Amino acid sequence: MNNITVLFGTLITLLLSVVAYFIKQLHTDFKSMEKDLIEVKTMALIIKTEFKSGNDLLNQKVEYLEKRVSNIELTIIKNQDYEK
């Protein structure tokens, strides 16, 4: 009877040790995943900022070109009116 109690105690201790080891590994994996997630969020924010600044610059160039085309059109119309 005493032998069985020691055997079960040893078995339970061994199983609890295995469970504790896997919980420790899981905790380490979650910490690593959290760090990776923060890195991904930071990279996404950087990409978003770069895209927005590139888009703003492109919009400025389009507006500038629209003004130039408008000025050229006005000049052409004035020249045509002047020639008539």
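None of these values were measured; they are calculated from a predicted model.
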- request: Would you give the length of the straight line joining atom CG of L16 to atom CG of L11, rounded to the nearest 0.5 angstrom?
  value: 9.5 Å
message: Could you measure the distance from the CD1 atom of I72 to the CD1 atom of I77? Nearest 0.5 Å is fine.
response: 12.0 Å
query: When rounded to the nearest 0.5 angstrom, what distance separates CZ in F51 from CG in D56?
result: 10.0 Å
- line: Rounding to 0.5 Å, atoms NZ (K35) and CG (L37) come to a distance of 13.0 Å
message: Using side-chain heavy atoms (C-beta onward) and a distance below 4.5 Å, is N59 in contact with N55?
response: yes
task: Evaluate the side-chain contact (heavy atoms from CB on, under 4.5 Å) criterion for residues N2 and V6: first the C-alpha distance (whole Å), next the side-chain angles of each, then the deciding distance (0.1 Å), finally the verdict.
output: CA-CA 6 Å; N2 196 15; V6 171; 4.3 Å; yes
query: Hey, any chance Y21 and V18 share a hydrophobic cluster, counting ILVMFWY side chains that come within less than 4.5 Å of each other, even indirectly?
result: yes
field: Heavy-atom donor-acceptor pair, S32 side chain to T28 backbone, under 3.5 Å
entry: no
- prompt: CD1 of I46 to CD of E50: how many Å apart, nearest 0.5 Å?
  reply: 7.0 Å
message: Can you tell me if D36 has over 12 outside heavy atoms packed within less than 6.0 Å of its CG?
response: yes
- prompt: Any sub-3.5 Å donor-acceptor pair from S70's side-chain atoms to E66's backbone N or O?
  reply: no
- prompt: Once you round to the nearest 0.5 Å, how far does CG of L26 lie from CE of M33?
  reply: 9.0 Å
- prompt: Would you say E39 has more than 12 foreign heavy atoms packed within less than 6.0 Å of its CD?
  reply: no
